[in-house]
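Notes follow once the structure below has been shown.
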Amino acid sequence: MENTIEKFQFIFLVAGIGFFVLAFVVSGVVTVNALTNLPYTPLDELSQDVGPYFTALSRQYPEQFEKYYPGGPTPENYREALLLARNTYIGEACWHCHSQQVRPVANEDVRFGPVSTAAEQQHELMMPQLMGTRRVGPDLSREGGFRSNDWHAAHFYNPRSVAPTSVMPSYTWFFDGQQPNKKGLAMIAYMQWLGTNVER
Amino acid sequence: MTVAVAAKRGAKPLVPQPLINLGLVKFHMAAGFIFLIIAMLWGIFYALQLNNLYPFPGIELFSPGRVRMVHTNGVAYGFIVNVFLAALYWAVPRLTQRRVLSDLLGWLIFWVYLFIILWTVVGIHLGYAQAVEWGETPGAFAANGSWLFPIDELVMVGLVLIAIQFLTPIFQFGSKQPMYVSLWYFSVAFIWIILTYAMGNYLPEFIPGAGGATFVGLFIHDLVGLLVTPLGWGMMYYFVPSLLKKPIWSHAVSLLGFWGLAFFYPLQGVHHFIYSTIPMFAQFGAVVSTVAIEIMVVTVFINFFMTLRGREIAPVTNMPIRWFYTGMVFYVITCIQCAVHVQFWAQEFVHFTDWVVGHAHLIMFGTFGFWLIGITTDLWPRVVGRKNWWSPALHEAVFWMCTIGLASMFVALTSAGLVEGYLWKGLAPWEVSLQSVRLIWLFRTATGLLMFAGVLLFAFNMYMTATTPEGEEAALGLKVAAPAK
């Protein structure tokens with residue numbers, strides 16, 4: 001026994017493969033399996049319901065909107081904007097400083113809004129998930145409708161103009177001059193979408 | 001950069017080394033420290049953003065978020081894995097009495113691996129990061145569907161090649177006879193990282209919300225726990241007894257430590273998402289196994305400090321031993337902290353705060369960074385064919401700069417985390433929490449600069465050691481035949 005337990009085959013098979021697969025099944029597969037009865041919403045379905053703030057953007061920035069999203073606030077354009085914004089949110093590492101989950105502790109429901117549920121996260125914009133592990137800025141999962149489009153435009157251009165103590169970078173490349181470009185419009189639309197799939 | 005150039009020009013060993021390919025050790029080590037310098041510099045840039053002093057505002061390529069991801073990935077893959085590979089090319093042949101599978105394969109792995117890291121850095125800077133913490137290396141396709149480069153697939157192939165490279169001698173040696181403790185850890189690390197990488201980089205792309213988070217949690221944790229930790233302890237079990245010239249205190253305790261790690265470590269990933277939407281049974285299970293891993297931590301800690309008995313002066317006189325044992329002290333602090341802050345009552349106020357950032361720096365730099373610097377302190381003069389370091393005295397300064405810098409950064413970030421956590425729970429306005437830690441963040445940048453200065457001095461010492469000629473009697477063959485200390 002003492003010889004076997006210190007030989008390569010035993011260690012490789014039992015610890016290397018066996019224990020890993022055990023953990024993969026116990027913490028991964030079983031957990032995911034417990035969530036399979038929750039309905040999944042693809043982006044095509046989410047974007048059917050064009051958000052009022054997206055429509056408002058088309059009136060606030062008519063030239064820019066027509067240039068980047070020709071045809072007005074249609075579901076197709078909304079879909080494109082949400083997808084672009086989600087990808088920008090990942091690429092700029094927004095998710096490393098903003099969470100997208102409200103926990104049932106630490107008065108988070110008072111500060112941010114209703115506690116997150118597994119069901120509300122079963123959609124394409126949460127795949128890959130963006131729950132986050134760090135909050136330099138506040139949680140964003142209930143951001144939609146909390147502030148105006150103008151506030152978001154000003155905040156992306158220079159966060160300190162509306163939140164003087166902010167340490168968020170200026171995202172000037174979301175703008176042509178001072179008008180939001182394709183990414184800027186998309187990011188505002190995404191901020192205003194977050195949390196709107198939850199009843200409040 | 002300079003160190004690589006230096007490594008190239010370094011004198012060839014006069015006595016050929018049939019067992020160990022010194023070129024591979026040297027190149028991986030040099031590349032590792034180049035990436036450490038880059039990654040630390042990027043970390044300082046990001047810290048400056050939190051002070052609102054960012055040096056490149058409004059430049060898309062140097063968006064602070066992207067810089068942050070290059071910092072973490074550069075440290076993990078550029079520095080830690082590269083120097084571990086160097087140490088493996090040194091330790092595995094000596095432990096198995098066999099050469100690694102192929103020198104040619106070794107050079108292929110080196111260049112492919114360099115390409116992978118450079119692509120990761122470039123891809124993240126171009127904005128193609130993947131939304132997996134510690135796995136931000138861009139996927140094969142940009143998120144809009146356009147084709148990028150199948151880098152994750154190349155990584156998988158590379159990991160399999162690395163496994164074949166090192167597991168061949170380990171298998172030839174260890175399938176017929178019991179292996180030494182280090183080889184237990186090495187045997188499992190290579191297969192674990194293959195499985196972990198495949199799990200973490202693919203499954204979250206296809207499983208939304210809480211299910212995906214489960215696998216992201218497992219990936220974050222397994223990358224540290226199933227790659228870096230086993231390689232790190234494997235190295236300790238090799239370098240500590242060989243430098244102290246005495247065996248490890250208790251073989252039975254070594255067994256307990258290894259099997260404790262192997263069983264409990266993979267089960268903990270979900271503890272990165274306590275109080276999230278992941279089903280509670282998974283969260284409870286993760287917390288229980290996280291506390292259970294303390295068995296392994298305590299046993300290994302006792303084992304190594306009992307080994308030191310009778311040679312208590314070694315951490316004072318022997319520089320690598322000092323790096324190793326300081327790293328072990330930081331390791332135990334990290335792990336005891338872990339057993340406490342993983343509790344639900346603690347997660348309520350430390351999750352999402354700077355507490356976690358402090359914890360991550362303590363384990364990645366304080367433990368694994370220190371160990372790798374210690375290994376380099378021991379090996380670098382030998383691999384570049386020198387008798388001693390260009391300036392052995394400089395190590396003293398490097399050690400204290402890194403130790404003081406890291407310890408004060410840990411204290412600063414931990415206290416910042418507590419301030420944030422309590423202010424958030426107390427429903428103070430968000431800007432109050434930012435204002436309250438403003439000076440702590442400034443201090444944190446200063447501690448980072450101190451650590452960075454220490455590492456720069458170390459790299460300078462490496463460069464000077466490699467380029468300053470010594471007499472012929474210092475040739476490597478003699479050195480290897482009768483290792484000092």
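Since the model is a prediction, treat every value here as computed from it, not as a measurement. Sequence lines set the chain letters: A, B, ... in the order given, protein chains first and strands last, and positions in each chain run from 1.
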On a heavy-atom basis, the closest approach of A/Met131 and B/Ala213 is CE-CB, 3.6 Å
The reported gap from CD in A/Gln121 to OG in B/Ser276 (rounded to nearest 0.5 angstrom) is 7.5 Å
**Study point:** Heavy-atom neighbours of B/Tyr422 OH exceed 12 at 6.0 Å
**Key:** no
All heavy atoms of B/Leu434 vs all of A/Ser166, minimum pair found to be CD1-CA, 4.2 Å
Distance col, row A/Gln122:CD vs B/Thr277:OG1, nearest 0.5 angstrom, shows 8.0 Å
* Hey, does the side chain of A/Arg160 reach the backbone of B/Asn52 with a donor-acceptor pair shorter than 3.5 angstrom? -> no
Hey, are the side chains of A/Gln101 and B/Phe352 touching, using non-hydrogen atoms and a 4.5 Å cut-off? yes
Looking only at B/Val132, B/Ile274, B/Val437, the option with the highest number of non-hydrogen pairs under 4.5 Å against chain A is B/Val132
- Query: Within a reach of under 6.0 Å around CG of A/Asp44, are more than 12 heavy atoms found that belong to other residues, nucleotides or ligands?
  - Reply: yes
Turns out that what part of A/Thr31 lies under 4.5 Å from chain B's heavy atoms comes down to both
Correct closest heavy-atom pair for B/Ile191 and A/Gly16 would be CG2-CA, 3.7 Å
Q: Using a 4.5 Å cut-off on heavy atoms from C-beta on, say whether the side chain of A/Leu22 contacts that of B/Phe263.
A: yes
If you tally heavy-atom pairs under 4.5 Å between each of A/Glu80, A/His123, A/Gln9 and chain B, the highest tally belongs to A/Gln9
The interface call for A/Val21 against chain B, heavy-atom contacts under 4.5 Å, is neither
- Item | 4.5 Å side-chain heavy-atom contact, A/Val105 and B/His351 | no
With heavy-atom distances below 4.5 Å as the criterion, would you say the side chains of A/Pro128 and B/Phe206 are in contact?
no
So, the part of B/Leu203 with a heavy atom under 4.5 Å from chain A: the answer is side chain
Between the CG atom in B/Leu226 and the CZ atom in A/Phe19, the distance rounded to the nearest 0.5 Å is 12.0 Å
The reported gap from SG in A/Cys97 to CG in B/Leu50 (rounded to nearest 0.5 angstrom) is 7.0 Å
Looking only at A/Ala119, A/Ala163, A/Gly18, A/Gly137, the option with the highest number of non-hydrogen pairs under 4.5 Å against chain B is A/Gly137
| task | Kindly say whether B/Thr353 contributes a backbone atom to a donor-acceptor pair with the side chain of A/Arg135 at under 3.5 angstrom? | result | no
If you tally heavy-atom pairs under 4.5 Å between each of B/Pro204, B/Gly421, B/Gly212 and chain A, the highest tally belongs to B/Pro204
In terms of heavy-atom pairs under 4.5 Å with chain A, the winner among B/Glu348, B/Arg438, B/Met199, B/Glu431 is B/Glu348
Counting heavy-atom pairs under 4.5 Å with chain B, the top scorer among A/Ala118, A/Cys94, A/Ala15 is A/Ala15
Quick one: sort the B/Trp430 and A/Phe112 rings into parallel, tilted or perpendicular, breaks at 30° and 60°.
tilted
Interatomic distance, CG@B/Leu427 vs CD@A/Glu108, rounded to 0.5 Å, equals 10.0 Å
So, the part of A/Thr165 with a heavy atom under 4.5 Å from chain B: the answer is both
* To do: Taking the side chain as every heavy atom from C-beta outward, state whether A/Phe8 and B/Gln177 have any pair of such atoms under 4.5 Å apart.
  => no
The interface call for B/Asp222 against chain A, heavy-atom contacts under 4.5 Å, is side chain
Are A/Phe24 and B/Trp192 an aromatic pair, judged by ring center distance below 6.0 Å? no
Turns out that what part of B/Glu420 lies under 4.5 Å from chain A's heavy atoms comes down to side chain
Max heavy-atom pairs within cutoff under 4.5 Å with chain A, candidates B/Asp354, B/Leu126, B/Val357, goes to B/Asp354
The reported gap from OG in A/Ser27 to NE2 in B/His271 (rounded to nearest 0.5 angstrom) is 10.5 Å
So, the part of B/Phe281 with a heavy atom under 4.5 Å from chain A: the answer is side chain
Bottom line for B/Phe215: the part with an atom under 4.5 Å from chain A's heavy atoms is side chain
B/Pro208 and A/Tyr40 have their tightest heavy-atom pair at CG-CD1, 3.7 Å
A/Gly132 and B/Phe273 have their tightest heavy-atom pair at O-CE2, 4.0 Å
Okay, B/Tyr46 and chain A: the region with an atom under 4.5 Å from a heavy atom over there is side chain
Under 4.5 Å to a heavy atom of chain A? For B/Val216 that would be side chain
Under 4.5 Å to a heavy atom of chain B? For A/Ala34 that would be side chain
Donor-acceptor pair, side chain of A/Arg111 and main chain of B/Ala428, under 3.5 angstrom:
yes
Quick one: do B/Arg68 and A/Glu92 make a salt bridge, cutoff under 4.0 Å?
-> no
Any non-hydrogen side-chain atom of A/Leu35 less than 4.5 Å from a side-chain atom of B/Pro279?
yes
Bottom line for A/Tyr89: the part with an atom under 4.5 Å from chain B's heavy atoms is neither
If one checks every heavy atom of B/Gln435 against chain A at 4.5 Å, the contacting part turns out to be side chain
Okay, A/Val136 and chain B: the region with an atom under 4.5 Å from a heavy atom over there is both
Honestly, the part of B/Val181 sitting under 4.5 Å from a heavy atom of chain A is neither
Margin query: Does B/Trp259 form a ring-ring contact (aromatic ring centres under 6.0 Å, His included) with A/Phe10? I'd like the steps, not just the answer.
Written below: CA-CA 12 Å; B/Trp259 288 98; A/Phe10 186 85; 5.7 Å; yes
Turns out that what part of B/Ser175 lies under 4.5 Å from chain A's heavy atoms comes down to both
Minimal heavy-atom distance between B/Glu133 and A/Thr133, with the atoms involved, is OE1-OG1, 2.8 Å
Task: Close side-chain approach of B/Met179 and A/Ile11, heavy atoms under 4.5 Å - done: yes
When the 4.5 angstrom heavy-atom criterion is applied to B/Met69 and chain A, the contacting part is side chain
Scored by heavy-atom pairs under 4.5 Å with chain B, the best of A/Ser170, A/Ala23, A/Pro138 is A/Pro138
If one checks every heavy atom of B/Tyr180 against chain A at 4.5 Å, the contacting part turns out to be neither
So, the part of B/Leu218 with a heavy atom under 4.5 Å from chain A: the answer is side chain
- Query: Between the main-chain N or O of A/Val167 and the side-chain N or O of B/Gln49, is there a donor-acceptor pair closer than 3.5 Å?
  - Reply: yes
Cut-off 4.5 Å, heavy atoms of chain A, and the answer for B/Thr196 is both
Review point. Are B/Phe258 and A/Glu6 close enough that some pair of their side-chain heavy atoms sits under 4.5 Å apart?
Key: no
